2 protein chains.
Amino acid sequence: MNSVLRARALELIEARGFEATTAEDISQAAGISRRTFFRYFPIREDVLFSDHAAYLLAVEQRLTTRHDEPILVAGHALEAVIDGYLLDADFVRRRSAVVRPVSALRDREVLWFREYQTLLASYLSADERGTRGAIFAQIVAAALLAALNQVLERYLETPDGEDPKALFAELLDDIADSMADTGLRGRGPGPEHPERTGVVVINSTLSADEIADLIDKAER
Amino acid sequence: MNSVLRARALELIEARGFEATTAEDISQAAGISRRTFFRYFPIREDVLFSDHAAYLLAVEQRLTTRHDEPILVAGHALEAVIDGYLLDADFVRRRSAVVRPVSALRDREVLWFREYQTLLASYLSADERGTRGAIFAQIVAAALLAALNQVLERYLETPDGEDPKALFAELLDDIADSMADTGLRGRGPGPEHPERTGVVVINSTLSADEIADLIDKAER
DNA sequence: CATCGGTTGGCACTGAGTGACAGGATACTG
DNA sequence: CAGTATCCTGTCACTCAGTGCCAACCGATG
């Protein structure tokens with residue numbers, strides 16, 4: 001039923017536009033009563049976004065069935081959404097065409113993506129101690145979701161573009177790398193491993209000796 | 001008027017709760033008609049968020065009146081929001097108390113923050129070439145907004161906590177640093193400054209000599 | 001058959017949001 | 001000053017989202 005409603009709704013909206021398609025219209029087209037429609041979708045806009053509820057479950061699932069660097073686990077979990085989009089490519093493309101021009105729908109979509117973000121953030125902050133950890137978890141989650149969002153958007157607007165999963169994997173790597181070397185660290189910036197020394201040399205065309213020299217000069 | 005409405009609305013909502021406060025109630029309390037109320041706030045929830053429209057302008061302003069590393073400019077611009085919160089601390093605290101338990105209001109707030117994000121993203125991607133630049137702009141904007149959001153949230157829940165501007169500055173630094181050394185770069189990862197050499201030493205208790213030694217060994 | 005939990009439909013109601021129109025205030029012009 | 005254009009407000013009427021309530025129905029189970 002759920003998916004019947006979704007299909008009928010999309011057809012009607014494609015034909016008449018979203019604002020001109022009432023809950024009554026959709027229910028009628030699907031052969032149910034208006035009242036029942038609102039039992040399936042307490043918010044009218046969500047007829048078009050029922051898939052996200054499923055993806056959300058899938059993401060949550062994947063968070064628990066993998067053990068690795070937390071950011072990578074989170075990223076891998078998010079791929080469930082890409083998988084969903086790929087499987088349902090036809091629907092998802094048509095949807096995006098009707099969502100884009102309607103602010104109420106765009107807003108609703110943003111809020112769905114927000115769900116993923118809070119899910120990831122709570123996962124990422126689970127094994128982080130202290131306030132800073134929770135903050136960084138939110139930041140990383142936001143970055144991951146922005147990446148996912150961009151990947152999906154690009155996939156939708158250029159059907160024959162880059163492979164979305166590959167692009168996402170690439171972005172995920174970049175994000176994970178970024179977070180690895182700075183204050184945006186999982187286990188807090190330093191105090192827990194005070195004796196550790198890390199050295200990063202970027203884009204160097206210099207020899208080790210010359211670098212050592214630079215360090216000498218920079219020391220204070 | 002605008003601010004009168006805001007004040008009356010907050011009082012009523014504090015007293016009866018949001019769902020039980022109709023647009024009619026608010027308009028009446030402010031001495032205007034319901035119709036006029038909707039002229040000020042096409043969406044009822046926005047009575048409580050009128051300040052964001054102003055902040056948004058301030059942020060946009062600041063984006064143009066500073067020249068520096070783009071991420072830092074963006075961060076500096078966002079501080080306008082913190083300034084606003086600090087100036088209007090009383091209102092903003094009472095608001096947060098009524099917003100937190102009401103999902104419709106939380107959602108609306110999320111969408112306001114989304115506005116900042118798209119604003120920053122479009123600024124950040126302005127001088128970025130190519131697809132990658134636009135993607136990274138979105139990611140960075142999302143990270144900055146998550147940071148701002150966390151800062152404000154923490155400020156609201158613990159009145160006597162850390163200085164929000166200081167905390168934000170710190171997070172901004174972290175984010176800017178993260179982006180500086182990896183693929184998440186503004187002007188592309190490296191090729192434009194191939195001769196630059198950067199060295200970062202983290203949490204070192206070692207001397208410069210010992211570090212130079214490490215580099216030697218790591219060299220391949 | 002009886003009945004019991006879950007789903008549906010019908011009905012009525014509240015309240016958000018909007019279009020149309022009619023004053024009323026204000027400012028500008030000669 | 002009178003005349004007029006402009007903007008703001010209130011009134012009325014309407015559509016439609018969303019919800020509570022109750023009655024009917026359906027399938028399973030004893």
Side-chain angles (χ1 to χ4, degrees), chain A residues 1-50 52-54 95 98-99 101-112 114-115, chain B residues 1-50 52-54 95 98-99 101-112 114-115:
Chain A
M1 186 73 262
N2 200 299
S3 62
V4 176
L5 277 172
R6 195 182 76 161
R8 296 291 152 270
L10 182 56
E11 291 163 10
L12 289 177
I13 294 172
E14 281 176 330
R16 326 178 184 174
F18 176 72
E19 297 303 343
T21 306
T22 73
E24 174 104 52
D25 295 336
I26 302 172
S27 342
Q28 201 170 322
I32 63 171
S33 77
R34 199 175 72 98
R35 190 61 181 86
T36 303
F37 172 86
F38 281 113
R39 278 198 256 264
Y40 281 93
F41 301 107
I43 290 161
R44 172 166 137 269
E45 283 83 351
D46 282 351
V47 181
L48 291 180
F49 299 116
S50 55
H52 283 294
R95 167 172 68 191
V98 303
V99 167
V102 178
S103 76
L105 292 175
R106 285 196 313 268
D107 287 353
R108 208 60 218 164
E109 198 171 43
V110 166
L111 293 174
W112 273 107
R114 181 76 178 189
E115 297 284 309
Chain B
M1 187 73 261
N2 200 299
S3 64
V4 177
L5 277 172
R6 195 183 75 161
R8 294 293 151 269
L10 182 56
E11 291 162 8
L12 289 178
I13 294 172
E14 279 174 331
R16 325 176 185 175
F18 176 72
E19 296 303 343
T21 306
T22 73
E24 173 104 53
D25 295 335
I26 301 172
S27 342
Q28 202 169 320
I32 64 173
S33 77
R34 197 175 72 98
R35 189 63 179 85
T36 303
F37 171 86
F38 281 113
R39 279 197 256 264
Y40 281 93
F41 301 106
I43 291 163
R44 171 166 139 269
E45 283 85 351
D46 282 350
V47 180
L48 291 180
F49 300 117
S50 56
H52 284 295
R95 168 173 67 190
V98 302
V99 166
V102 179
S103 74
L105 293 174
R106 286 198 312 270
D107 287 352
R108 208 61 218 162
E109 199 170 43
V110 166
L111 293 174
W112 273 108
R114 181 76 178 189
E115 296 283 307

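Basis for what follows: all heavy atoms, side chains included, without hydrogens, waters or symmetry-related copies. Computed from a prediction, not measured in an experiment: that's the story for all the values here. Chain A is the first sequence line, chain B the second, and so forth, proteins listed ahead of strands; every chain is numbered from 1.
The stretch residues 6-34 of chain B comes close to DNA chain C through B:Thr22, B:Ala23, B:Arg34, each having a heavy atom under 4.0 Å from the strand.
Going from atom CZ of B:Phe37 over to atom P of D:dT11 covers 16 Å, rounded to whole Å. Note: CZ (A:Arg39) to C1' (D:dG18) measures 12 Å, nearest angstrom. Atom CD in B:Glu45 sits about 13 Å away from atom C1' in D:dA17, given to the nearest Å. Rounding to whole angstrom units, CZ of residue A:Phe41 and P of D:dT19 are separated by 14 Å.
Nearest-nucleotide mapping onto DNA chain D: of B:Met1 and A:Ile43, the residue sitting toward the 5' end is B:Met1.
When DNA chain C is scanned 5' to 3' for any atom under 4.0 Å from a heavy atom of chain A, the first and last hits are C:dT8 to C:dA12.
In this structure a side-chain-to-backbone donor-acceptor pair under 3.5 Å is missing from A:Thr36 to A:Ile32. Checking side-chain atoms of B:Thr21 against main-chain N and O of B:Gly17 turns up a donor-acceptor pair under 3.5 Å.
Taking only distance into account, the side chain of A:Arg35 meets the base of D:dG20 through a donor-acceptor pair shorter than 3.5 Å.
Backbone-only contact: A:Arg44 has heavy atoms under 4.0 Å from sugar-phosphate atoms and none from a base. Among the atoms of the strands shown, only primed sugar atoms or phosphate atoms (P, OP1, OP2) are found under 4.0 Å from some heavy atom of B:Tyr40.
For the atom pair CZ of B:Arg6 and CZ of B:Arg95, the computed distance is 7.0 Å after rounding to the nearest 0.5 Å.
For A:Glu109 and A:Arg106, the salt-bridge test fails: no basic side-chain N is under 4.0 Å from an acidic carboxylate O. Ion pairing of A:Arg114 with B:Asp107 is absent here, as no side-chain N (NZ or NE/NH1/NH2) approaches a carboxylate O to less than 4.0 Å.
Shortest non-hydrogen contact noted between B:Ala29 and B:Leu12 is CB-CD1, 3.9 Å. The two residues B:Phe49 and B:Val99 make their nearest non-hydrogen contact at CZ-CG2, 3.9 Å. Across every non-hydrogen atom of B:Arg108 and B:Ile43, the tightest pair is NH2-CD1, 3.3 Å.
By the 6.0 Å and 45° rule, B:Arg44 stacks over the aromatic ring of B:Phe18.
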